Novice: 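I have a structure I would like to understand better, so I am pasting it below and will then ask my questions one at a time.
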Amino acid sequence: MPENIKITLPDNSVREFASGSTGMDVAMSISQGLARNALAIEVNGETWELNRPITTDASVAILTWRDQKGKEAMWHSSAHILAEALEDLYPGIKLGFGPPIKNGFYYDIDFGDHKFGEADFKKVEKKFLELAKTAETFERKDVSKEEAIAHYKNIGNEYKVELIEGLEDGDITFYHSGNFVDLCKGGHIPNSKVIKAMKIMNTAGAYWRGDEKNKMLTRIYAVSFPKKKELDEYLLLLEEAKKRDHRKIGKELELFTFSEKVGMGLPLWLPRGTRLRETLVDFLKKVQEKEGYQQVVTPHIGKKELYQTSGHWEKYGEDSFQPIKTPSEGEEFLLKPMNCPHHCEIYASRPRSYKELPFRVAEFGTVYRYEQSGELHGLTRVRGFTQDDAHIFCRPDQVKEEFIKVIDIVLYIFKVLKFENYKAQISLRDPENPGKYFGSPEQWDAAEKAIEEAADERGLITVKELGEAAFYGPKLDFMVSDALGREWQLGTIQLDYQLPDRFELEFVGSDNQKHRPVMIHRAPFGSLERFTAVLIEHSAGEFPLWLAPSQAIILPIAEKFNDYVVDLQDQFRDAGFRVDVDLRNEKVGKKIREAEIGKYPYMLIIGEQEMANGSVSVRKRKEGDLGAMSNDAFIQYLKDEISEMLA
RNA sequence: GGCUUUGUAGUUUAAUCGGCAGAACGACUGACUUGUAAUCAGUUGGUGAGGGUUCAAAUCCCUCCGGAGCCUCCA
């Protein structure tokens, strides 16, 4: 007599089922429609096939194409079919990993001597769809470790053997679909025929198990969909996203450029980009002044000994730009890869009293880091960049309060710029690799706890990532995605008990004894380069009025108004606005078109009338003609709009 | 750094099998003197660099220098 099991649904209602009931049974009991659309079932957080018997009480959720996990079930199954197609077309290949990802799936393959490239895509896609159409089901089968290893030794796949060796006996399952067998822990759709469209997106080299020392396999990235139309829509979406690429817009709007002669990863900020950047700098400086920061300036190089003291030389010396030498004395200097050691020496320049802490030193500090050539990426990953850096030296009892104040600055910036989808990440040490870090476990515990408390206090929803800490301390990082969904770390707040030690920093306490300060490293933008890149992708180059490199452009309708228009430009400049003029001998329609493409927030059309009454005909970006207003009224209009944005 | 892929004028791009590098926009010159998303005409300018194969190379091969995607890395 089978016992009944209690199944908890997502709305927290509980239903009883006979033990051994399946996901399909659960779906059917809810509705026919749901059963028809069901792809898989989530059982206690794991994705299961709909035909897998459930024998214990469980919390479940039926997964459809509308759930990310439902998509992943389909993509996971698609990875199997892709592998089957590949084995069919290229006998003798060896399979590695083949998981679903955020947007599709991939399979890592050792193709032996065959060079798998774009020429192969069509053939594989065709085979894939043929196989999918045959309505393959995914059958789960328990295998012993011994059997599993024997199977893969037999077909000569050392990768899977290696994977299985790391698994527990009794915990190993194979999935059969059609003529294909794969080591797999499951999470499949019931039937391959629901997959109606598949496209191979690209290939890439990927080290086996992500280790640089291992062999490089060919990773095939692909997506699949239940409808052909959805694939088309997805491809369209990707194309739209590519239009927001900061590298494209940066070129179009003449914000920045790179030069092969100057060197890769070394951005050159053009005049318009520089205006944007300096506006950001001024904005943050104002915020920081209010918060009690003091600006400093330090040189771009420092003696090698400085970095030996800080520990950076030991950690990164080999993989950084190598020291430059003085010609006569042979002294060695490093291009500064960070500003903290310089700021430590500013702190140490005279004795400090507890009364002057927190001491907050800020610098828009340009640093140079050797990044592997393959890592460089537009403005988001470069070899020379400017951090909106500051270091807060404070008493241990001030840490939490100071940390929270920095969080508030980051959140204010995100609010003003409408970065709503950021992720707050607490970056902790890697417990399996303690040798990577300086300092005692006790200090690390304290630091990690302080960050968690500060984040809690501000109600931040955080994710914790092990192994992402800096070598000197844990961090709170703010991640924002670019147009294509790649996450970039922008703001960072880091807690550090190590550098004050290494630089022997001190303050005199109220007890007249010497104490060691704590250091907070923080950069709300992260770097101006990366921040600008993400800002461009978020705004598609349509910067808010206060930030726009040029806030308005004046368009005379004929050359005879040019002199007047230049005077008018001066008037607006005197009022504090960045205003361009278009004095070309072109029709106003063309000037408007190009100003729209140039993403000017406002266009001011000037002709006989406007010159006569001291007015401007205002046209707003993307909205069109706003009608005429007096010059003064327009200035006030701009001021009002800006103060509303920064409120 | 690695794998794959890619490099045509300032920009976007065309060139069937290896067979005269062609256009648009821009820039320059001139005409027109303009009222809310492209006025007309002319001129200018190019195969990333170097080597090889070939009667002939943008096209095939090699080296180097860039770009893109991913892997690794990221103080």
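Lettering follows sequence order; numbering is per chain, from 1. None of the values given here were measured: they were computed from a predicted structure.
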Novice: Is the cationic atom of Arg219(A) (NZ for Lys, CZ for Arg) positioned less than 6.0 Å from the six-membered ring centroid of Tyr106(A) and within 45 degrees of its normal?
Specialist: yes

Novice: Can you tell which of G35(B), C74(B), G26(B) lies closest to the side chain of Lys590(A)?
Specialist: G26(B)

Novice: Could you measure between the two P atoms, the one in A49(B) and the one in U11(B), and give it in whole Å?
Specialist: 14 Å

Novice: Rounded to the nearest 0.5 Å, what separates atom CZ in Phe364(A) from atom CG in Leu528(A)?
Specialist: 6.5 Å

Novice: Checking all strands, does Gln498(A) fall into the base, sugar-phosphate, or nothing category for heavy-atom contacts under 4.0 angstrom?
Specialist: nothing

Novice: Ignoring hydrogens and angles, does a donor from either the side chain of Arg369(A) or the base of C73(B) sit under 3.5 Å from an acceptor on the other?
Specialist: no

Novice: To the nearest Å, give me how far apart CD (Gln494(A)) and C1' (C74(B)) are.
Specialist: 12 Å

Novice: Please report the shortest heavy-atom distance between Leu95(A) and Tyr159(A), naming the atom on each side.
Specialist: O-CB, 3.8 Å

Novice: Grab the CZ-C1' distance between Arg593(A) and G26(B) for me, whole Å please.
Specialist: 13 Å

Novice: On RNA chain B, does the nearest nucleotide to Phe116(A) precede the nearest nucleotide to Glu468(A) from the 5' side, or the other way round? Give the residue.
Specialist: Phe116(A)

Novice: Strictly distance-based, threshold 3.5 Å: is any side-chain N or O of Lys591(A) a donor or acceptor partner for the main-chain N or O of Pro556(A)?
Specialist: yes

Novice: Regarding Thr218(A), tell me which of base, sugar-phosphate or nothing describes its non-hydrogen contacts under 4.0 Å with the strands shown.
Specialist: nothing

Novice: Can you list every stem that RNA chain B is part of, counting only runs of 3 or more consecutive Watson-Crick or G-U wobble pairs with both distances under 3.5 Å?
Specialist: B:1-7 with B:65-71, B:10-13 with B:22-25, B:27-31 with B:39-43, B:48-52 with B:60-64

Novice: Please give, in whole Å, the distance from A37(B) P to Ile592(A) CD1?
Specialist: 5 Å

Novice: Does Lys115(A) reach a base, just sugar-phosphate, or nothing at all? Heavy atoms under 4.0 Å.
Specialist: sugar-phosphate

Novice: Just to be sure I understand the rule, does Glu252(A) reach a base, reach only the sugar-phosphate, or reach nothing, if contact means heavy atoms closer than 4.0 Å?
Specialist: nothing

Novice: Regarding Glu240(A) and Lys243(A), does a basic nitrogen lie under 4.0 Å from an acidic carboxylate oxygen?
Specialist: yes

Novice: Taking the six-membered ring for Trp, are Tyr637(A) and Tyr602(A) ring centroids under 6.0 Å apart?
Specialist: yes

Novice: Once each nucleotide of nucleotides 61-71 of chain B is scored for protein heavy atoms under 4.0 Å, what B/S/- sequence comes out, 5' to 3'?
Specialist: ----SSSSBBB

Novice: Below 4.0 angstrom, N of the basic side chain to O of the carboxylate: do Arg209(A) and Glu162(A) qualify?
Specialist: yes

Novice: Grab the CG-P distance between Leu379(A) and C74(B) for me, whole Å please.
Specialist: 22 Å

Novice: By a 5.5 angstrom centroid cut-off and a 30 degree plane limit, is there stacking between Tyr316(A) and A75(B)?
Specialist: yes

Novice: Under 4.0 Å, counting only non-hydrogen atoms across every strand here, what does Gln489(A) touch: a base, just sugar-phosphate, or nothing?
Specialist: nothing

Novice: Have a look at C25(B) and give me syn or anti from its glycosidic angle (syn if within 90° of zero).
Specialist: anti

Novice: Taking only the P atom of each, what is the distance from U5(B) to A37(B) in whole angstrom?
Specialist: 46 Å

Novice: Do Arg619(A) side-chain and A37(B) base share a donor-acceptor contact under 3.5 Å?
Specialist: yes

Novice: Quantified in whole Å, what is the C1' atom distance between nucleotide U8(B) and nucleotide G45(B)?
Specialist: 13 Å

Novice: Distance check needed: U36(B) P versus Met629(A) CE, whole Å only.
Specialist: 18 Å

Novice: Gly589(A) near the nucleic acid: base, sugar-phosphate alone, or nothing, with a heavy-atom cut-off under 4.0 Å?
Specialist: sugar-phosphate

Novice: How many angstroms lie between CG in Asn562(A) and CD1 in Ile554(A), if you round to the nearest 0.5 Å?
Specialist: 11.0 Å

Novice: Rounded off to whole Å, could you give me the CG-to-P distance for the Asn433(A) and C74(B) pair?
Specialist: 11 Å

Novice: What interatomic distance, in whole Å, is found between C1' of U29(B) and the corresponding atom of A21(B)?
Specialist: 26 Å

Novice: Give me the distance, rounded to whole Å, that separates G35(B) from C20(B) when you measure between the P atoms they each carry.
Specialist: 47 Å

Novice: Should Lys622(A) and Glu596(A) count as an ion pair when the cut-off is N to O under 4.0 Å?
Specialist: no

Novice: Kindly point out which of A75(B), G1(B), U33(B) is positioned nearest to the side chain of Ala558(A)?
Specialist: U33(B)

Novice: In whole angstroms, how far is the P atom of C74(B) from the CD atom of Glu318(A)?
Specialist: 15 Å

Novice: Rounded to whole Å, how long is the line connecting atom CG of Asp625(A) with atom C1' of G35(B)?
Specialist: 10 Å

Novice: Kindly indicate whether the side chain of Glu594(A) and the base of G26(B) share any N or O donor-acceptor pair separated by less than 3.5 Å?
Specialist: no

Novice: Can you check the distance between C40(B) and G22(B), where both ends of the measurement are the C1' atom (answer in whole Å)?
Specialist: 22 Å

Novice: Write down the distance separating the P atoms in C64(B) and G2(B), rounded off to the nearest Å.
Specialist: 10 Å

Novice: Mapping Val618(A) and Arg383(A) to their closest nucleotides on RNA chain B, which lands nearer the 5' end?
Specialist: Arg383(A)

Novice: In whole angstrom, give me the gap between the C1' atoms of G1(B) and U12(B).
Specialist: 33 Å

Novice: May I ask you to say whether Arg381(A) pairs ionically with Glu371(A), meaning some side-chain N is under 4.0 Å from a carboxylate O?
Specialist: yes

Novice: Do Phe634(A) and Phe572(A) have ring centres separated by under 6.0 Å?
Specialist: yes

Novice: Do Phe471(A) and His312(A) touch side chain to side chain, with heavy atoms closer than 4.5 Å?
Specialist: yes

